[in-house]
S.K.: 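What follows is a structure written as structure tokens; I'll ask about it next.
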Amino acid sequence: MRVILYLVLIVVIAGMAYIRLAGSDVAVWHVAPVATEDKTMEGGALRVVQAGPDGLARLDKVARATARTRVLAGSVEEGMVTYITRSAVIGFPDYTTVRQEGDTLTLFARLRFGRSDFGVNAKRADAWLAAIQ
């Protein structure tokens, strides 16, 4: 019985380590979001807003100030940035790509592992957008 318990514990720890340490392929995650209207999915959210010509610069400041968030790729000058935000306990990575075209910001927030994010990405996207309004 103890052997099974130890094996389960090892599998759980290995899974948590993989989630925390897995690399992020820029070619997979730093992709321009395509949307014409807001959409909330089980594992993410798309948002399209009019934010003015400096919308991405303002959103970048909000995103960088968000706990456990860092830039994966891109820059304000390039017109597109992808951020990784990790959950507090296990470190699940969520990816948010924001692109500015003219006065329009298109934001795509999505999970990497699992099927549902329990609305976390939509909530973060809406909070970031509310902060720049």
Side-chain angles (χ1 to χ4, degrees):
M1 186 66 157
R2 280 189 175 161
V3 172
I4 292 173
L5 182 61
Y6 288 137
L7 288 176
V8 169
L9 187 60
I10 289 170
V11 168
V12 168
I13 291 171
M16 290 173 64
Y18 176 76
I19 289 167
R20 177 68 73 172
L21 301 173
S24 298
D25 186 349
V26 172
V28 171
W29 298 105
H30 188 60
V31 178
V34 178
T36 56
E37 61 186 31
D38 291 356
K39 183 177 180 182
T40 301
M41 292 97 44
E42 193 173 359
L46 281 161
R47 299 291 186 258
V48 180
V49 297
Q50 296 301 308
D54 66 338
L56 182 56
R58 289 183 288 126
L59 190 131
D60 183 65
K61 290 178 184 174
V62 171
R64 288 173 185 262
T66 302
R68 300 174 309 281
T69 300
R70 67 175 181 84
V71 172
L72 172 66
S75 68
V76 171
E77 295 73 29
E78 293 173 26
M80 186 169 83
V81 184
T82 298
Y83 305 92
I84 299 176
T85 304
R86 291 192 174 270
S87 65
V89 177
I90 296 178
F92 284 105
D94 290 329
Y95 297 86
T96 305
T97 302
V98 187
R99 183 173 91 177
Q100 177 140 16
E101 291 182 293
D103 290 346
T104 304
L105 278 183
T106 306
L107 185 149
F108 183 27
R110 66 263 192 217
L111 57 73
R112 175 172 179 175
F113 297 107
R115 292 183 184 204
S116 175
D117 65 356
F118 303 103
V120 169
N121 282 298
K123 184 178 176 182
R124 183 183 326 101
D126 293 339
W128 285 4
L129 293 171
I132 66 167
Q133 298 301 330

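Quick caveat: nothing in here was measured; it's all calculated off a predicted structure.
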S.K.: Taking the side chain from T97 and the backbone from W29, do they hold a donor-acceptor pair closer than 3.5 Å?
M.R.: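 Looks like yes, one N/O pair under 3.5 Å.
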S.K.: Any sub-3.5 Å donor-acceptor pair from R110's side-chain atoms to F108's backbone N or O?
M.R.: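 Yes: the side chain of R110 pairs with the backbone of F108.
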S.K.: Would a single hydrophobic cluster contain both M16 and Y18, if residues Ile, Leu, Val, Met, Phe, Trp and Tyr are joined by side-chain heavy-atom contacts under 4.5 Å?
M.R.: yes
S.K.: Over all heavy atoms of both residues, which pair between R64 and V71 is shortest? Give the atoms and the distance, please.
M.R.: NH2-CG2, 3.4 Å
S.K.: Take V48 and L105, measure what side chain to side chain contact (heavy atoms under 4.5 Å, CB included) needs, and give me the verdict at the end.
M.R.: CA-CA 6 Å; V48 180; L105 278 183; over 6 Å; no
S.K.: Within the side chain of R47, is there an N or O that forms a donor-acceptor pair under 3.5 Å with the backbone of K39?
M.R.: yes
S.K.: Hydrophobic cluster membership, with links at side-chain heavy-atom distances under 4.5 Å among I/L/V/M/F/W/Y: are Y6 and V12 in one?
M.R.: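 No, Y6 does not connect to V12 through the hydrophobic network.
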S.K.: Looking at every non-hydrogen atom in both residues, tell me the closest pair between I84 and P93 and how far apart they are.
M.R.: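 Residues I84 and P93, closest heavy atoms: CG2-CB, 4.0 Å.
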S.K.: Are the side chains of I19 and F113 in touch, meaning some heavy atoms are under 4.5 Å apart?
M.R.: yes
S.K.: Find out whether P33 and L107 are in side-chain contact, i.e. whether some heavy atom of one side chain is under 4.5 Å from a heavy atom of the other.
M.R.: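 No, side chains not in contact.
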S.K.: Is the distance between the ring centroids of W128 and Y83 under 6.0 Å?
M.R.: yes
S.K.: Side chains of V26 and L72, heavy atoms from C-beta outward: is any pair under 4.5 Å?
M.R.: yes
S.K.: How long is the straight-line distance from OG of S116 back to CE of M41, given to the nearest 0.5 Å?
M.R.: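 Reported to 0.5 Å precision, the distance equals 11.5 Å.
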S.K.: Is any side-chain heavy atom of M80 closer than 4.5 Å to a side-chain heavy atom of S75?
M.R.: no
S.K.: Would you say T82 and Y95 are linked by a side-chain donor-acceptor pair, where the criterion is simply a distance under 3.5 Å?
M.R.: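 Not at all, the side chains of Y95 and T82 share no donor-acceptor pair under 3.5 Å.
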S.K.: Start with the C-alpha distance between R99 and T104, add both sets of side-chain angles, then the distance that settles side chain to side chain donor-acceptor pair (under 3.5 Å), and finish with yes or no.
M.R.: CA-CA 8 Å; R99 183 173 91 177; T104 304; over 6 Å; no
S.K.: Taking the side chain as every heavy atom from C-beta outward, state whether N121 and L111 have any atom pair closer than 4.5 Å.
M.R.: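 SC-SC contact between N121 and L111 confirmed.
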S.K.: Does atom CG of L21 have more than 12 heavy-atom neighbours, drawn from other residues, nucleotides or ligands, at distances under 6.0 Å?
M.R.: yes
S.K.: How long is the straight-line distance from CZ of F92 back to CZ of R68, given to the nearest 0.5 Å?
M.R.: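 Spacing of CZ (R68) from CZ (F92) equals 13.0 Å.
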S.K.: Going only through I, L, V, M, F, W and Y residues with side-chain contacts under 4.5 Å, is there a path from V98 to V49?
M.R.: yes
S.K.: Run the numbers on I13 and V11 for side chain to side chain contact (heavy atoms under 4.5 Å, CB included), then give the verdict.
M.R.: CA-CA 6 Å; I13 291 171; V11 168; over 6 Å; no
S.K.: Under 3.5 Å, is there a donor-acceptor pair between the side chain of Q100 and the main chain of L56?
M.R.: yes
S.K.: Looking at every heavy atom in both A125 and A109, which two are closest together, and how far apart are they?
M.R.: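 Minimum heavy-atom separation between A125 and A109: CB-CB, 4.4 Å.
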S.K.: Just by distance, no angles: are the side chains of E101 and T106 close enough, under 3.5 Å, to form a donor-acceptor pair?
M.R.: no
S.K.: Given R124, which of T69, D94, T66 fulfils the side chain to side chain donor-acceptor pair (under 3.5 Å) condition?
M.R.: D94
S.K.: What is the minimum heavy-atom distance between G23 and R112, and which atoms define it?
M.R.: O-NH1, 2.6 Å
S.K.: Decide whether I132 and V81 are clustered together by the hydrophobic rule: side chain heavy atoms of Ile, Leu, Val, Met, Phe, Trp, Tyr closer than 4.5 Å, transitively.
M.R.: yes
S.K.: Give a yes or no on this: more than 12 heavy atoms of other residues, nucleotides or ligands lie within 6.0 Å of atom CD of Q133.
M.R.: yes
